[in-house]
Amino acid sequence: MAERPLSGTPRLGIGSGAAVALTLILVFFHFVLRLGLGVGAGAPDLLTVALLLHVRRVRSGTAACVGFTLGMLEDAFTLVAFGANTVAMTLVGILGVQTRAFFVSTTSLSFHIVYFVAGKWLRDFIHWILQHAAGVRSGFIEPMVFAAVPAALYAALVGVLIVRLVGPFSESES
Amino acid sequence: MREYGGASGNGLRRQFLLAVACLLVGLFFYLIPTGPQQSIASGIRLTLLRPFVDIRSALTAARSIGREADMLRAEVDSLRAWVANNAPAIEENRRLRVLIGLAPLVERSYRAVSVHRPGNLGSQSTIVLDLGSEQGVHALSPVITAEGLAGRVLEAHPSLSIGMDWSHPDFRASVMSEDGELYGIVAPEPATFGGAERLILTGIPYFDVLADGTLVVTSGRGGVYPRGVPVGRVGGLAEVEEGWHRSYWVYPTVHPASVTHALVGVSHGPGPEGEADLSSLFPAGTSPIPDSASEGGPGSAPATDGSG
């Protein structure tokens, strides 16, 4: 934890173009796995992983736009509580940007695990709240503990692997 | 995209306003009525996400050819035997109808369809069918499997339809006991902790009792689901309103996640006011419209209140 200002040119783990390309690839594979191949929950939530990775190198407005766009894509097949994914991913995008102000140690494994787990779980939690508000009755324990926690760990595993493979998306410690 | 550098006061304010705008637009989409919401969703489904749906359709078709040929052959053989055994009864029915002056039975119209589930967060009740309005599928077309009722179509696009299964919170169907004695309405109930999703059957008179295991089938009332399609089996008393009515749990015969192929009701053309005429799905004598009201003949569109 530190209070390092965000101004100045960062030393990025990967280039901007590569970051955008990787985000698009993750989004593509998300829909190939879930929609094209019908893997469902057996596939990691690559959309959230892509969002959490991407917002590490953009500012809040851009992060909100990215979250909004990805959320709209996810909402396209939602018959109940349309917009819940959009709001959830926009909020997670905005909050993801704020982590840069508090966590500087962006190459550490523990940071990335906590970052992805918390981000994915928070996204599911906001979605659950909005679905509940829209009249979809479901308990809390089953969707938010027995389903969302493993999903968050799964997303974290994939996210950490990607970071290890391509390097951090934001400022490096070196 | 070097977003870090040069963050002036104006830039930060612009970013903040952009973030707030995105959030507000997202909330706006969440709060607007279902009609406009689904128009937006349809636009995305039919453009950006359409290639992924096509991939799924192609894969399902390929899988069907490879793996399910033996199963389909067995089913065709069974059906052939069933048709052969029932041919005398059908012929007898036809002659009796002529004798008492009834119109011939209207043929039910269905098309085989592949059913996909998107698998995205929040799309648990959504089904995607690979047939659309070009093949006669319309909103409210029932989706039926060999085991029973799976759901219905919500919107039909030219070559693709979006529907909901029975687990959708808005699903309702008018049902009856298999012997046709008791009528009620089924609606989905969310799963309790560790339990399965099920339906609740309401509107059973207090002094009538349904035994566990009784098969519940669609009644044909409401004009959405044809009569006699299995919905589920009674699995215990849910609640009793003293002296008034009883409600029962119904365990559906169709598990939505396992549905990959189904039959979808098709009509022969758009009816009045652009609505689908699904009357051909209903055998004669089960029309929800009284004879006096159906002077337009069998082609008149049945009332569609959405509950089935």
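The chains referred to below are lettered A, B, ... by the order of the sequence lines, with proteins before strands, and numbering in each begins at 1.
- Ranked by heavy-atom pairs under 4.5 Å with chain A, the list Ile55(B), Asn120(B), Ile44(B) is led by Asn120(B).
- Neither the backbone nor the side chain of Leu33(A) comes within contact range of chain B, judged by heavy atoms closer than 4.5 Å.
- Contacts of Leu47(A) with chain B are absent, with no heavy-atom separation under 4.5 Å from either backbone or side chain.
- Side-chain contact between Ser167(B) and Gln124(B) is absent, with no heavy-atom pair separated by less than 4.5 Å.
- Heavy atoms closer than 4.5 Å to chain B are found in both the backbone and the side chain of Ala133(A).
- For the pair Arg56(A) and Tyr115(A), the cation-pi criterion (under 6.0 Å, within 45° of the ring axis) is fulfilled.
- Residue Ala43(A) does not touch chain B at all, counting heavy-atom pairs closer than 4.5 Å.
- Only the side chain of Ile94(A) comes within less than 4.5 Å of a heavy atom of chain B; its backbone N, CA, C and O stay farther away.
- The contact between Phe77(A) and chain B is made by backbone and side chain atoms together, counting heavy-atom distances below 4.5 Å.
- Pro150(A) and Ala147(A) make their closest contact through CD-O, 3.5 Å (heavy atoms, listed as atom of the first residue, atom of the second, distance).
- In the model, Arg56(B) has no side-chain atom that pairs as donor or acceptor with a side-chain atom of Ser114(B) under 3.5 Å.
- Looking at Phe140(A), there are no atoms closer than 4.5 Å to chain B (heavy atoms on both sides), in backbone or side chain.
- Proximity to chain B is absent for every atom of Met89(A), based on heavy atoms less than 4.5 angstrom apart.
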